[in-house]
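A quick write-up on the structure given underneath.
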Protein chains: 2
Amino acid sequence: MPIIKNQQPNTSSTGRVRKKNQLIILKAAEQDFLEHGFKGASIKGIAERAGIPRANVHYYYKNKEAIYSDILLEILALWDSSIITSTEEPAKVLGDYILAKVMYSKTNPEASRIFAGEFIHGAPRLQEYLKTSFKTWIDEVKATVEGWINQGKMDPIDPLYLLFTIWGATQHYADFAPQVTAAMGKDKLSNEDFEQVAKTLTQIILKGCGISK
Amino acid sequence: MPIIKNQQPNTSSTGRVRKKNQLIILKAAEQDFLEHGFKGASIKGIAERAGIPRANVHYYYKNKEAIYSDILLEILALWDSSIITSTEEPAKVLGDYILAKVMYSKTNPEASRIFAGEFIHGAPRLQEYLKTSFKTWIDEVKATVEGWINQGKMDPIDPLYLLFTIWGATQHYADFAPQVTAAMGKDKLSNEDFEQVAKTLTQIILKGCGISK
DNA sequence: AAATAACCTGACACCAGTGTCAAGTAAAAT
DNA sequence: ATTTTACTTGACACTGGTGTCAGGTTATTT
């Protein structure tokens, strides 16, 4: 008798093989999404990259959307984690934040690019996130920076514009990597390059906002 | 007798209809590329958006790649056009450049996003450009900024990092528009918003580089 | 008003990717 | 050791997109 009841089974119990294979698939998928974009990527391509038959991918993931959701969730968790709210002095808080963002571009360029791709195409899958946890986080930061301004610790600059400047300037090194390397005449930025970026950027932004060290 | 010799005809002579239709196709294609990315876009989709039969699109363009090339060329021409080399004072030159870039994000968000998408996916079609006209442009700017530094008109900051900061910070408003609007709690940035962005950014960067007005 | 070149389009053959299923094998539980 | 559950995979039917072509219509030229 053929067994029928065996589709998408337990998530919680044993699942050792499951975990291992999902990781292989996700890593392959990340590359494929990066190279071809969401619509351009194919389960066929992902399966080939992962070195397993396509039907096996379908065993773990219903479709491309499901794989992508898993990847996006992981990225969001990472992205949110650098925290800016704090009781420290602005110079320290912003310096740390800029460094963290630059290092994120260095360490997780794939994540940064997938995230950017999502926005470029209108962020259809991030609407919920933008309305909830993102908005909350933004409001906290806004309050913190406004506090600094009221205490005379920095020039009166719209906190949002400050944030966008930091994001744009730091993510640029991941998202526009081919342009950056072409301009610098290198194949790849070194550790020292990234440290120098963080240092320079911190200098420009702190001084530009009238924050003394 | 059927006429055989009628494929992809004269580019230079009459071609009134040709010009009109190509424009319709390019505009439709731009939207489709924006929404779905290069690989995700389809000639079928472009034709439907343009309101003409698919075979008619094929009459003007051999394939998707050909359409995309046309669009990219136009974008590159536009992108290069803002000039930074000049004999004016740094405050004026950089201020103008930042304003131009912010306004480009406002006026041509589609172009900015397509351009960004290209880099995110590794810029396979821009290698030639990056090695030639882009590199030349970069070298000129580098020389100009280094001149300013040597004359003591600004702090010693790597010209490339300065450029990347400006690019990242300005393009962010086009490329990450959904994130920006979500943070600001608006549907769309107004004219005044963009002017304010340019003003704030100019302030941060000039002051941050130690440039006096 | 012919003739010629430009433009239009339905139809055809083709290819890449999808999702499901049945029949299997490997692993875990009993 | 057997049973149950988890995992694997080739095959199938299907969908959506591609590029070409023949025979048509509309513009332009002469």
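As rounded to whole Å, 8 Å separates atom C1' of C:dA6 from atom OH of B:Tyr60. Rounded to whole angstrom, the span from the NZ atom of B:Lys64 across to the P atom of D:dG16 amounts to 16 Å. As rounded to whole Å, 9 Å separates atom P of C:dA6 from atom CZ of B:Arg18. Straight-line distance from the CD atom of B:Glu65 to the C1' atom of D:dG19: 15 Å, rounded to whole Å. Straight-line distance from the CZ atom of A:Arg54 to the P atom of C:dG17: 10 Å, rounded to whole Å. When the P atom of D:dT15 is taken as reference, atom NZ of A:Lys39 falls 19 Å away, rounded to whole Å. Regarding B:Asn63, its CG atom lies at a distance of 10 Å from the P atom of D:dT18, rounded to whole Å. C:dC7 atom P lies 10 Å from atom NZ of B:Lys20, rounded to whole Å.
Within 4.0 Å of B:Ile43, counting heavy atoms only, lie sugar-phosphate atoms of the nucleic acid but no base atom.
Checked against A:Phe176 for a ring-ring contact (aromatic ring centres under 6.0 Å, His included), the options B:Trp167, B:Phe164, B:Phe119 give a single hit: B:Phe119. B:Leu163 pairs in a side-chain contact (heavy atoms from CB on, under 4.5 Å) with only one of the listed residues (B:Asp158, B:Val145, B:Ile138), which is B:Ile138.
In this structure, CD on B:Glu118 lies 10.0 Å from CZ on B:Phe33, to the nearest 0.5 angstrom.
Distances shown here put every side-chain N or O of B:Tyr61 at or beyond 4.0 Å from the OP1 or OP2 atom of D:dG19. Dashed line: the shortest gap from a side-chain N or O of A:Asn21 to OP1 or OP2 of D:dT8 is under 4.0 Å. For A:Tyr59, no side-chain nitrogen or oxygen approaches OP1 or OP2 of D:dT8 to under 4.0 Å. Put simply, B:Lys44 has a side-chain N or O that comes within less than 4.0 Å of OP1 or OP2 on D:dG17.
Under 4.0 Å is where a charged nitrogen must lie from a carboxylate oxygen, and between A:Glu65 and A:Arg125 at least one such pair does. With respect to the salt-bridge test (charged N to carboxylate O, under 4.0 angstrom), the residues B:Glu195 and B:Lys199 do not qualify.
Residues A:Glu48 and A:Ala55 both approach DNA chain C. Their nearest nucleotides, taken by heavy-atom distance, put A:Glu48 toward the 5′ side.
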